[in-house]
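Along the sequence shown, residues carry numbers from 1.
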Amino acid sequence: MTKQMGGNMVSNTKIIFFDIDGTLIDMKRKQISGKTMEMLKRLKEKGVMICIATGRAPSALPVFGDIAFDVYLTFNGSYCYNRDQTIFSNPLLTDDVGTIIKNAETIHRPLSLATKDRQAANGKDDDLVEYYGFANREVEVADDFEEVAKEEVYQIMLGCRERDHLSLLNGVHRAKIAAWWDRAVDIIPADGGKGIGIEKVLEYYHLNQSEAMAFGDGNNDIEMFQAVGKGIAMANASDRLKEAAYGLCGDAAEDGIYHYCMEHGLI
């Protein structure tokens, strides 16, 4: 059950993790608003660390004007880094990548592999194209797909339905599904997720859970909320995330995080 908190409960916040799609960026506008940009700048001015926590690849991160985030958790926390170095790297097992590729073939689905530097697909369908479109990206069908599959793959993306999940993971040793949309999934290491990434970041900066806060909207943010002291769900969030949240804020389309931070004395 969600819990509401007063301004005194956020006064010790030293670091905030933000999901991107449906949280910092409204899914329809697909761009950050002026108020959200102002909120991020004011948090930094107050000495609060701001961090991205997303399923996107590093190469698919949007540009937020002149704002530099302190830390980036990409691939749902499987690859975390700051401006100076890698904090945490957790790729999929190469054998699992091969098995998932074969499993996807059995359900007649193309998929996209994400390495640290690129994303390469063995085909595309409407679901995968639309999934990429949320980040204003296009699916790259790669001639060297088989070679990419031998590299360090951090995440696999493909269109499917919930009924396909078991088939996709058949014979896989160390991978799981992270989903925030009902027509596609991200497949990540079983011992990964935004929560693990946040734990590594807090450990790196010698911060504790009570000093951390997060904003999100999808089911893949549940583990993120469990890793921080205060997880705040958007009004447009999934019901499951709202149930796991410490509190609620307004819709991403209505600058919900900006107003929440104003009301609770964060900015």
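Not one N or O on the side chain of Arg109 forms a donor-acceptor pair closer than 3.5 Å with the backbone of Ala104. Side chain of Asp127 to main chain of Glu130: no donor-acceptor pair is present (N/O by atom type, distance under 3.5 Å, no hydrogens or angles). Remark: side-chain polar atoms of Asn236 are paired, donor with acceptor, to backbone N or O of Gly22 under 3.5 angstrom. A side-chain donor-acceptor contact under 3.5 Å links Gln155 to the backbone of Gly55. The backbone N or O of Ala235 sits less than 3.5 Å from a side-chain atom of Lys242, completing a donor-acceptor pair. The closest donor-acceptor contact from the side chain of Lys35 to the backbone of Glu254 lies at 3.5 Å or more, if one exists at all. Distance alone, capped at 3.5 Å, is enough to place a donor-acceptor pair between the Asn103 side chain and the Asn170 backbone.
At least one side-chain heavy atom of Tyr204 sits less than 4.5 Å from a side-chain heavy atom of Gln85. Under the 4.5 Å side-chain criterion, counting only non-hydrogen atoms from C-beta, Leu169 is in contact with Ile187. Arg42 places a side-chain heavy atom less than 4.5 Å from the side chain of Met262. Within the 4.5 Å cutoff, the side chain of Met157 has no heavy atoms near those of the Val185 side chain. Under the 4.5 Å side-chain criterion, counting only non-hydrogen atoms from C-beta, Met213 is not in contact with Val228. Taking 4.5 Å as the limit, some side-chain heavy atom of Ile222 sits within range of a side-chain heavy atom of Gln226. Val71 places a side-chain heavy atom less than 4.5 Å from the side chain of Met49. Phe215 places none of its side-chain heavy atoms less than 4.5 Å from the side chain of Asp221.
Shown here are the salt bridge (charged side-chain N to carboxylate O under 4.0 Å, His left out) partners of Lys150, two or more places apart in sequence or in another chain: Glu147. Under the salt bridge (charged side-chain N to carboxylate O under 4.0 Å, His left out) criterion, Glu151 pairs with no residue at all, not counting sequence neighbours.
Between Asn219 and Ser238, the side chains place a donor N or O and an acceptor N or O closer than 3.5 Å (distance only, hydrogens not considered). Side-chain atoms of Tyr132 and Ser112 form a donor-acceptor pair, as typed in the model, at a separation below 3.5 Å. For the 3.5 Å distance criterion, the side chains of Ser78 and Asn90 fail to qualify, holding no donor opposite an acceptor. Using modelled atom types and a 3.5 Å distance limit, the side chains of Asn82 and Tyr205 yield a donor-acceptor pair. At a cut-off of 3.5 Å, with distance as the only test, no side-chain donor of Thr86 or Ser89 sits close to an acceptor on the other residue. For the 3.5 Å distance criterion, the side chains of Asn76 and Asn220 qualify, holding a donor opposite an acceptor. Side-chain atoms of Asp186 and Tyr131 form a donor-acceptor pair, as typed in the model, at a separation below 3.5 Å. Donor-acceptor pairing under 3.5 Å is lacking for the side chains of Thr115 and Tyr154.
The minimum heavy-atom distance linking Cys160 with His165 is given by the pair SG-CD2, 4.0 Å. Looking at every heavy atom in both residues, Leu128 comes nearest to Pro110 through CD2-O, 4.4 Å. Summarising the geometry of Ala233 relative to Ala245, their closest heavy-atom pair is CB-CB, 3.7 Å, with the distance given to 0.1 Å. Arg29 and Ala252 make their closest contact through NH2-O, 3.6 Å (heavy atoms, listed as atom of the first residue, atom of the second, distance).
Atom SG of Cys80 sits about 3.5 Å away from atom CG of Leu73, to the nearest 0.5 Å. The distance from atom NE2 of His264 to atom CD1 of Ile232, rounded to the nearest 0.5 Å, is 7.0 Å. A distance of 10.5 Å separates CG of Leu241 from CE of Met234, quoted to the nearest 0.5 Å.
Screening residues 91-116 for ring-ring contact (aromatic ring centres under 6.0 Å, His included) gives no qualifying pairs among residues at least two apart or on separate chains. Evaluation of the side chain to side chain donor-acceptor pair (under 3.5 Å) test over residues 16-26, restricted to residues two or more places apart or in two chains, returns Asp19-Thr23, Asp19-Lys194, Asp21-Arg56, Thr23-Asp217. Within the structure, ring-ring contact (aromatic ring centres under 6.0 Å, His included) pairs that include any residue of residues 84-103 do not occur (at least two apart or interchain).
Between Lys176 and Glu223, at least one side-chain nitrogen of the basic residue sits less than 4.0 Å from a carboxylate oxygen of the acidic one, meeting the salt-bridge criterion. Remark: Asp125 does not engage Arg183 in a salt bridge, criterion side-chain N to carboxylate O under 4.0 Å.
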Taking only distance into account, with no hydrogens and no angle test, what donor-acceptor pairs under 3.5 Å do side-chain atoms of residues 91-99 form with protein atoms, sequence neighbours excluded?
residue: Asp96; atom: OD1; partner: His173; partner atom: N; Å: 2.9
residue: Asp96; atom: OD2; partner: Arg174; partner atom: N; Å: 2.7
residue: Thr99; atom: OG1; partner: Asp95; partner atom: O; Å: 3.1

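Centroid-to-centroid, the aromatic rings of Tyr79 and Tyr72 stay 6.0 Å apart or farther.
A perpendicular orientation is assigned to the rings of Trp181 and Phe134, their planes being inclined by more than 60° (bins at 30° and 60°). Ring-plane geometry between Phe18 and Phe69 is classed as perpendicular, the angle between the planes exceeding 60 degrees on a 0 to 90 degree scale with a lower cut at 30.
With Ile15 as reference, Val201 is the one residue of Asp70, Val48, Val201 to meet the side chain to side chain contact (heavy atoms under 4.5 Å, CB included) rule.
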Does the salt bridge (Lys or Arg N to Asp or Glu O under 4.0 Å) test come out yes or no for Lys41 and Glu45, once each step is laid out? CA-CA 6 Å; Lys41 289 179 180 178; Glu45 289 169 0; over 6 Å; no
Set out, in order, the CA-CA distance, both residues' side-chain angles and the distance that settles side-chain contact (heavy atoms from CB on, under 4.5 Å) for Ile257 and Thr36, then state yes or no. CA-CA 7 Å; Ile257 303 177; Thr36 302; 5.8 Å; no
